[in-house]
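Note that these values count all heavy atoms, side chains included, but never hydrogens, waters or copies made by symmetry. None of these values were measured; they are calculated from a predicted model. For reference, positions follow the sequence shown, starting with 1.
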Amino acid sequence: MIVRTWRGWTRPADAAAYEDYLMRTGFAEYTATPGNQGAYFTRREAGERTEFFLITFWESWDAVRAFAGEDPGRAVFYPEDDSFLVDREVTVDHYEVFAST
């Protein structure tokens with residue numbers, strides 16, 4: 001299993017709207033991609049910003065590429081992200097799971 005993580009930040013006033021937007025875009029696309037084994041979309045207040053931390057689980061590198069494209073290390077963005085995000089990671093992190101319960 002592969003774990004994929006990404007972070008982005010909004011203004012607190014935009015957090016609820018961005019959460020709704022993520023559910024319609026990223027969450028919908030993640031969970032509709034064959035080989036996705038789950039997704040956690042989290043958020044927390046971090047001073048003058050709201051941090052979003054996305055964690056997804058994939059059965060294989062082929063499944064990751066089916067979602068992310070040929071360069072799985074690049075983050076996937078959607079058309080209205082620029083109107084919400086004040087900062088973002090443009091790359092993602094991947095981890096290979098070697099034990100779980």
Side-chain angles (χ1 to χ4, degrees):
M1 179 185 314
I2 309 296
V3 176
R4 177 182 171 94
T5 65
W6 174 84
R7 285 182 175 82
W9 295 265
T10 67
R11 292 172 292 281
D14 293 334
Y18 187 60
E19 184 178 303
D20 291 341
Y21 178 69
L22 278 175
M23 295 305 295
R24 293 190 318 271
T25 57
F27 192 84
E29 189 172 350
Y30 277 127
T31 57
T33 302
N36 177 268
Q37 296 186 325
Y40 290 88
F41 281 30
T42 69
R43 71 182 240 195
R44 68 176 177 164
E45 299 307 313
E48 299 196 16
R49 305 187 308 179
T50 301
E51 178 181 2
F52 287 81
F53 183 56
L54 283 53
I55 308 143
T56 55
F57 303 88
W58 302 90
E59 71 181 13
S60 67
W61 282 106
D62 287 338
V64 172
R65 285 185 192 89
F67 168 74
E70 286 306 309
D71 184 0
R74 304 258 331 132
V76 174
F77 294 105
Y78 296 91
E80 294 179 40
D81 282 335
D82 288 342
S83 64
F84 291 109
L85 295 169
V86 296
D87 197 7
R88 70 184 91 185
E89 294 178 338
V90 295
T91 60
V92 298
D93 291 315
H94 294 97
Y95 303 87
E96 294 186 17
V97 176
F98 65 90
S100 66
T101 61

remark   = CD (Glu51) and CZ (Arg44) are apart, to the nearest 0.5 Å, by 4.5 Å
Euclidean distance, Thr10 OG1 relative to Glu19 CD, rounded to 0.5 Å = 10.0 Å
State, with a plain yes or no, whether a side-chain heavy atom of [X] is found less than 4.5 Å away from one of [Y].
{"X": "Asn36", "Y": "Trp58", "value": "yes"}
{"X": "Glu48", "Y": "Val86", "value": "no"}
{"X": "Tyr18", "Y": "Leu85", "value": "yes"}
{"X": "Phe67", "Y": "Thr56", "value": "no"}
{"X": "Glu96", "Y": "Ile2", "value": "yes"}

Hydrophobic cluster membership, [X] vs [Y], 4.5 Å side-chain cutoff:
{"X": "Leu54", "Y": "Val64", "value": "yes"}
{"X": "Trp6", "Y": "Met23", "value": "yes"}
{"X": "Tyr95", "Y": "Met1", "value": "yes"}

Candidate list Phe77, Tyr21, Phe52, test ring pair (Phe, Tyr, Trp, His ring centres under 6.0 Å), partner Phe84, passing option = Tyr21
query = Taking it one step at a time, do Phe53 and Tyr40 satisfy side chain to side chain contact (heavy atoms under 4.5 Å, CB included)?
reply = CA-CA 8 Å; Phe53 183 56; Tyr40 290 88; over 6 Å; no
request  = For Glu45, look at atom CD and say whether over 12 heavy atoms of other residues, nucleotides or ligands are found less than 6.0 Å away.
outcome  = yes
His94-Trp61 aromatic ring centre distance below 6.0 Å = yes
request  = Please lay out, stage by stage, how Arg7 and Asp93 fare under the test salt bridge (Lys or Arg N to Asp or Glu O under 4.0 Å).
outcome  = CA-CA 10 Å; Arg7 285 182 175 82; Asp93 291 315; 5.2 Å; no
task = For Asp81 and Tyr78, indicate whether the former's side chain and the latter's backbone hold a donor-acceptor pair under 3.5 Å.
result = yes
task = Show the numbers, then the answer: is there a salt bridge (Lys or Arg N to Asp or Glu O under 4.0 Å) between Arg49 and Asp87?
result = CA-CA 9 Å; Arg49 305 187 308 179; Asp87 197 7; 3.3 Å; yes
